Amino acid sequence: MRTLIRGVRVFDGERTVPAADVVIDGDRIGTVGGPADVASGGDRTGAVGGPADLVSGGVDAVIDGAGKTLLPGLIDAHTHAFDGDLAEALTFGVTTELDMNNLPPLLAAQRRQAAERDDVADIRSSSMIATAPNGHPTQIMTPDVLKALGTDRTLDTVADSGEAKAFVEARLAEGVDYLKIAIDDGGSSGMRLPALGPELAAVLVEAGHAAGLRVIAHTVTAREALIALDAGADGLAHLYSDVNEERAEEMAARIVAYDAFVISTITYIEAVTGDPNGQELLRDPRIAARMSDRSKATFGREWADIPMHSQGVMNASHAAAALRRAGVPVLAGTDCTPFGPVHGAGLHHELLLLTEAGWTAEQALAAATGTTARLFGLTDRGRIAPGLRADLLLVNGDPTTDITATRAVEEVWRGGVRRRWAG
C-alpha cells in the first residue's frame, strides 16, 4: 500500500515544514519533501519522481493535506497498560507507550497484542518496578486492585544487594526494555513508606547499566530526585512536586550536571492532588466523542493512597519551565492507568499543560515525539523521515501554533496501517 499525502504541513519531530508531500510505502515512510524536491529526486527526499509520477506509478491513495498537519505518532513516556488501554491510546494518535510498571503475566498479554494486532499502540516496558518491601507502589496494588486487573501476582521487592541483583536478572529474563526503581518515602504528603536507600539504589543502577539498560527512577521530591541521580539513574519518571518557583532554577541547574532527562506527568500530579482542570477533556468534543465510557468514569476518582505535595501542579509547572530553560530534556508522559489519568487523551492534555508552563507548541510536540524516541533509543520512530516506521498522526489544523489541534485527529497510521476516525 502506497499513500501520498499532498501539500501537508509537517512537524517532523524536531521542526516544522510549512508544506510537503509525504509518501507512505508499506510500513515505512517513503519520501518527504516539497513538490519541487520530489520532482527533482534530490538527496534530501530520495524521491524518484513528482506526485503525478507517483500516482501513475502505483500510489494507491492520495490525501489532500491542505489545512492539515502530519506528525510522528505520539509517544507517551510514562504509562501503565492493561486490557483495552493500548487500543484507546491508538484512537488518539498515541502509537507507542512506554510502560513504567507492570506485572509479568499482564505485560505478556499486552506485548502479544502489540505484536499481533494493528489496532493497538506499540509498547515498551520495564515490567515490575524495584521497590523496598512495603514501599511505593505496594500500597496502591491492593488485592482489590490486582483482582480488577485480573491477576493475583504481586510485586517483587528488594531488601538487600543480593535481592537487587536477582531482581534485575528476573527482569532481563522477561525481556524488559529498561529498568525502573522507586525512591519515594511518602513524606511529601505526610505518609511514611519504606524506600530504597542510596546504596541499594546504586546497586540496582549498576546492575541495570551492566545489562545495557537505561534506569528510570520514580521520585516525587527534589531530595529523592537527587538521591536517584547520585545513584546514576538516567532519568526521572516524574517532575518533582515540592520545589517552588524560587527554587526551581536552582534545582534545574543541579540536574544539568547529571546529563539526565525528566518525564513530565503533570497530568498525573493534577489527578492525584484533586485538581479538576483535567476534566477539560470531557468538555472538548474532539476528545469526549471518542473517549471510552471506562475512561470517562475515572474522572473525579479519590487518590488518598498516592504521595504528592499539595502544591504539586504549580510546582511541577515551574520545574518544567526551569528545566527547559536550563536545557534538561523533559519528555511528555502522563502516568496513565485504567483508573486514570486516561490513556491517549491524557497525553493531549499533558501537551496543553506544558504550553501553559511556558513551552512553545513545537517544544511540547518534540517532547512527545523526537526527543522521547532519541532518549529511549527508539531509532525507528518519533520522526518523519524516509525509511523510518510509518507511525503517523494527521490532524486538522496547526498544532505548532495551537497545541489543542492535536485533538482533531483525522488519520492514524501504526506501522503503515491506516486507521481513520469518522467522527
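None of these values were measured; they are calculated from a predicted model.
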Side chains of [Y] and [X]: any donor to acceptor distance under 3.5 Å?
X    : Y    : value
T267 : E270 : no
D275 : T273 : no
T337 : H80  : no
Q110 : D83  : yes
T142 : D144 : no
Y258 : D230 : yes
D76  : H343 : no
E174 : S127 : yes
D335 : T265 : no

Worksheet item: Under 6.0 Å from the six-membered ring centre of F167 and within 45° of its axis: does the NZ or CZ of R171 meet both?
Response: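 Checked: cation-pi criterion met.
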
Item to complete: Look at the rings of H218 and H136 and say which category their plane angle falls in: under 30° parallel, 30 to 60° tilted, over 60° perpendicular.
Response: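 It falls in the parallel class, under 30°.
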
Could you tell me whether [X] and [Y] make a salt bridge, using a distance below 4.0 angstrom between a side-chain N and a carboxylate O?
X    : Y    : value
R111 : E97  : no
D122 : R381 : yes
E410 : K68  : yes

Fill in: Nearest heavy-atom neighbours spanning A405 and P399
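Heavy atoms of A405 and P399 come nearest at CB-N, 3.6 Å.
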
Discussion item. Looking at every heavy atom in both R214 and G377, which two are closest together, and how far apart are they?
Written reply: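 Nearest pair, atom of R214 first, then G377: NH2-N, 3.4 Å.
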
Worksheet item: Mind checking whether D85 and R294 have side chains closer than 4.5 Å, heavy atoms only?
Response: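 Contact flag for D85/R294 side chains = yes.
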
Item to complete: Please report the C-alpha distance between R419 and D118 in whole Å, then the side-chain angles of each, then the deciding distance to 0.1 Å, and finally whether the salt bridge (charged side-chain N to carboxylate O under 4.0 Å, His left out) criterion is met.
Response: CA-CA 9 Å; R419 304 198 66 81; D118 56 35; 3.5 Å; yes

Discussion item. I'd like to know whether E88 forms a side chain to side chain donor-acceptor pair (under 3.5 Å) with S292, so could you lay out the CA-CA distance, the side-chain angles of the two residues, the decisive distance to 0.1 Å, and finally the verdict.
Written reply: CA-CA 7 Å; E88 183 127 1; S292 70; 2.7 Å; yes

Discussion item. Could you check whether F339 and F82 have their ring centres less than 6.0 Å apart?
Written reply: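 Between F82 and F339, the centre distance exceeds or equals 6.0 Å.
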
